[in-house]
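In what follows, a single structure is set out as structure tokens and then discussed.
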Amino acid sequence: MEESYSPAQIEQKWQQRWDETAQYKAEPRDDREKYYVLEMFPYPSGRIHMGHVRNYSIGDVVARFKRLQGFNVLHPMGWDAFGMPAENAAIQHGTHPAKWTIENIANMRKQLKKMGLSYDWEREFATCDADYYRWEQLMFLQMFDKGLAYKKSSSVNWCESCQTVLANEQVEDECCWRCGTEVSDKELDQWFFKITAYADELLEDTYNLPGWPESVLTMQRNWIGRSTGCEINFKTEDGAETISVFTTRQDTVFGATFMSLAPEHPLAQKLTTAEQKEDVDGFIAKVKKQDKKKRTSEDFEKEGVFTGTYCINPVSGCKMPIYLANFVLMDYGTGAVMAVPTHDQRDFDFARKYDIPMVVVVSPEGEELNAEDMSEAWTAPGVMVNSAQFNGLDNESAKEKIADYLEEQGFGTKSINYRLRDWGVSRQRYWGTPIPIVYCDSCGPVPVKAEDLPVVLPRDVEFKGEGGSPLAQHAAFYETTCPKCGAPARRETDTFDTFVESSWYFARYACPHTEEAPLNRDEANYWLPVDQYIGGVEHAVMHLLYARFFTKVMRDLGLLDISEPFTNLLTQGMVCKETQSCPEHGWLYPEEVQDGRCSKCGSEVIGGRTEKMSKSKKNVVDPDHLIATYGADTARLFSLFAAPPEKDLEWNEQSVEGCYRFLNRVWRAVYENSDIFSRPIAGDSAPEARTLRRKTHQTISKVTRDIEGSFHFNTAIAAVMELVNSVYAVKDKAACCGAIREALETTVRLLAPFVPHICEELWSIMGQNGSIDAIGWPEADVELMQEDEKLIVVQINGKVRARITVPASASNADVEEQTLADDQVKRFTADKTIRKIIVVPGKLVNVVVA
RNA sequence: GCCGAAGUGGUGGAAUUGGUAGACACGUCGGUCUCAAAAACCGAUGCCUUCCGGGCGUGCGAGUUCGAUUCUCGCCUUCGGCACCA
């Protein structure tokens, strides 16, 4: 055995061996329970970052731990390979997105392999493979048939100067990131997935996911935003048009004194009178430029314009002026709001501004509200007034009664509304999955025939960054014939949102090579659902909701049997680091800083805030460097030990060194005791040996609990560190040989999921044959764990004043007696009366005195 | 703005169900070894203090309790998401 630990050789040796024996290849089998652990697959940006190291280290601990516990583990990896950065690289450096992506994947695969992650690499795929996206195209056709994919008009960010669509990310301060031109809205016909058809099920099932963090479920519920209320119809004064509104406050309908429409509302132009046309057009143009997020925020100036026409309140007969208002969004409800200024703050502000009458219809109990004197809307519960036959009811029960009344009278219907909107999947970009549709002048949009799939993304395109998607200029791609009538037709040149690929990849891993269908039913049913899914919190709503939606769609298409994709979810925190910048050169990479100075100009470097590691801020650490210096085991150990998985992790070079030092310490402990690994474990009789054995078994118990229950790897590792410290602390080694052997063997077995290379090596050095994977997870001996004595904390009036040791078997009365006999206790109670003595068995005594 | 989190020593973090605040590690200080240094090993380390004793202390302010990092209410700060970044 080498005296010192050298990770480079060891890691290469074991990675090669795992590879050769295909140790982590997964196959369905009946003799073991399956366990599918998955980490969110990476976008192939070129190099792995610390966030990946952390995510995949966490996943690998779970995979290895479950394997040791005897599960048949599936642990796959692949690439979320479509997306904008590849196109940006093409525009900036002239590299083809395909070439760029493939090279990046090759590099990142190499990096991941160096980390010793126990993946079944035979299942690897990239979403830009036609063998993957062809099935997505097929599912799209099936969704189209079922009406789950449809087209409607929707707006995009448009740069007039570049003649191209911009992603939200490409819009900086409402201007184009490339040319600075002000961004405008442009209406395009786009494809949508009808996720709202599943809104109820997606909501209901959040209550069947006990393995998910409650915070994520809450966010999803709020995102879906189900609300129950009424749809009420308001006829215009001349009776020609009907404006339909959705409201959850039908109890206030008698107080509706005006109508607000979204500026985008289809009736907006139609209802505008000639005198008002100029004002209205000006207002619409202005609102179009406003940010949607800001438009609805509370402190944003509420503005509107009168259309010149009126509608009639069906219950009160009130003549209501119709306004367009900037805070009404077309996307939510019907795009029209019945305005009740007395009981809605926005309506209140609006009514005051434009001098619109107000009528109080809900009054706080025992108080009378006067509309003129109100300084804000009354939104709390109260008693109905000015509401005909409903007067005197409390407004909550009036909600139900008025809803019934509206239905009886034919004024409206009870209705459920969602905040959730349908999922727009069209992207005017090249590097994505082509949408398999053909536009025919006589047949309209016609789906490509299933047997003609895949619609392959052509390679020979040009990238200029302006003038829209290269596909739309690629005649050989878009010129085609109608699948229905054979006439010349134009192919759809939009591609899918990349969230589509990541919505079903986890299922494809179950059967990545299936050639007949998106999924092989047997294999999918064997492996799915994913037992443990692990990834960043930033995906808490969108990705996870889309994946849940897609799972239900795949079920309804008959592709698989499950309704929920991920049984347990772990959302990990981000990896952060202090930012550094130079007054001259802006943000600096850590390697551009030498002795606190900028390596380019020598200026003093300014230390900034600790933020999420990101390329834009350059506060990134290259895992390659870390692995080259300390080895993969240290990189893994650091990312697991520095913080619990769900919290943010702050980068700290010194803490990395500490982890490396610990592995050296383990190595040396084995080296220094290398002569004892043939000794019988239970042979020692010294009390010190018994103490060490107790610690060993307590550690097994603690580590198992920490991994299994809560993935608290940091405390699990701390417990093993304590055990190693106990080995070093043994005074009479000769009397404890067996106990030391047991402690060290246990250390290596408990650390195996975290730092597999060094553990494999030490395990073989200890004279064991075969991989440590084969030995299984250790079990704690409960007998050996028992303590003989307990330390009891003694408090006087809640303050710790003494500590006493009692036999583990001591009764409450014994403990009380011993407490009162204690000198320190006597000192504090001497001239006082004892009022009460509280005994918490095995822990604490509190003596209350006065 | 809306939704969801998080605030504990010089630092990262720990603390089963309301029961010793600071496990483990980093850093710092001291010691052993060495010609010396590194490494390693051993020890100390929340703050204050009138120091063999005591006080204060888990973002801030209240409350419940014999007892609160933990529960309740109200603030402050930071972070994530907000539908075309992935």
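This is a predicted model, so every value here is computed, not measured. Within every chain, numbering begins at 1; the chains are lettered A, B, ... in the order of the sequence lines, protein sequences first and strands thereafter.
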Please write out each protein N/O paired with an N/O of nucleotides 64-75 of chain B under 3.5 Å, distance rounded to 0.1 Å.
from, atom 1, to, atom 2, distance (Å)
B:rC66, O2, A:N846, ND2, 2.5

Side-chain donor/acceptor of A:D80 to backbone N/O of A:E501, under 3.5 Å: no
Spacing of A:M542 atom CE relative to B:rC84 atom C1', expressed in whole Å: 9 Å
Polar contact flag, side-chain donor to acceptor under 3.5 angstrom, A:R419-A:N222: no
Watson-Crick or G-U counterpart of B:rC35, or none if no pair lies under 3.5 Å: none
A:T498 side-chain N/O to B:rA86 phosphate OP1/OP2 under 4.0 Å: yes
Donor on one side chain, acceptor on other, A:S153 and A:E187, under 3.5 Å: yes
Mate of B:rG57 where both pairing distances stay under 3.5 Å, Watson-Crick or G-U: none
A:F499 and A:H539 aromatic ring geometry - parallel, tilted or perpendicular at 30°/60° bounds: perpendicular
Any A:R421 side-chain N or O less than 4.0 Å from OP1/OP2 of B:rC82: no
side-chain N/O A:R419 vs B:rA83 OP1/OP2, d < 4.0 Å: no
base_contact_polar (B:rC84 base, A:Q170 side chain, donor-acceptor, <3.5 Å): no
B:rG9 glycosidic torsion: syn (within 90° of 0) vs anti: syn
Counterpart residues, side-chain hydrogen bond (donor to acceptor under 3.5 Å, both in side chains), relative to A:E787 (two or more places apart): A:Q698
Atom-pair distance (CD on A:E646; P on B:rG7), nearest Å: 11 Å
Gap between atoms NZ and C1', on A:K647 and B:rG12 respectively (whole Å): 9 Å
Separation between the P atoms of B:rC84 and B:rU78, rounded to whole Å: 28 Å
Complementary nucleotide for B:rG67 - Watson-Crick or wobble, under 3.5 Å: none
Parallel, tilted or perpendicular: rings of A:F713 and A:F711 (30°, 60°): tilted
Pairwise P distance for B:rG80 and B:rA44, with rounding to whole Å: 41 Å
Mutual orientation of the aromatic rings belonging to A:Y533 and A:H543 [parallel < 30°, tilted 30-60°, perpendicular > 60°]: tilted
B:rC26 and B:rA21, which share atom name P, separated by this distance in whole Å: 25 Å
Span that lies between the C1' atom of B:rC82 and that of B:rA86, in whole angstrom: 15 Å
Contact state string [nucleotides 24-29 of chain B, B base, S sugar-phosphate only, - no protein heavy atom under 4.0 Å]: BSSS--
Between B:rU72 and B:rG55 - C1' atom distance, rounded Å: 29 Å
A:K151, NZ atom: more than 12 neighbouring heavy atoms under 6.0 Å: yes
Sub-6.0 Å ring centroid separation between A:Y132 and A:W504: yes
Audit row: A:F641, A:F662, ring pair (Phe, Tyr, Trp, His ring centres under 6.0 Å) steps and yes/no: CA-CA 11 Å; A:F641 177 64; A:F662 170 67; 8.0 Å; no
Polar side chain donor-acceptor pair, A:N812 to A:E816, under 3.5 angstrom: no
Distances under 3.5 Å between protein N/O atoms and the N/O atoms of nucleotides 46-50 of chain B, please, pair by pair.
none

Interatomic distance where OH belongs to A:Y43 and C1' belongs to B:rC85 [whole Å]: 10 Å
B:rC76 and B:rG30, which share atom name P, separated by this distance in whole Å: 46 Å
Under 3.5 Å, which protein N or O atoms sit close to an N or O of nucleotides 55-59 of chain B? Give each pair with its distance.
from, atom 1, to, atom 2, distance (Å)
B:rG55, OP1, A:R801, NH2, 3.4
B:rG55, OP2, A:R801, NH1, 3.3
B:rC56, OP2, A:K799, NZ, 2.9

Test item: A:N55 side-chain N/O and A:G51 main-chain N/O as donor-acceptor pair under 3.5 Å: no
Short N-O contact, A:R427 and A:D497, less than 4.0 angstrom: yes
Protein-nucleotide distance (A:R429, atom CZ; B:rC85, atom P), rounded to Å: 8 Å
Anti/syn call for B:rC66, syn if |chi| within 90°: anti
Pair A:E214 + A:R221, salt bridge at N-O below 4.0 Å: yes
Polar pair under 3.5 Å, donor/acceptor by atom type, side chain A:Q190, base B:rC84: yes
Side-chain atoms of residues 714-724 of chain A: list all donor-acceptor pairs with protein atoms under 3.5 Å, sequence neighbours left out, distances to 0.1 Å.
from, atom 1, to, atom 2, distance (Å)
A:T715, OG1, A:D706, OD2, 2.8
A:T715, OG1, A:H712, O, 3.0
A:E722, OE1, A:K695, NZ, 3.0

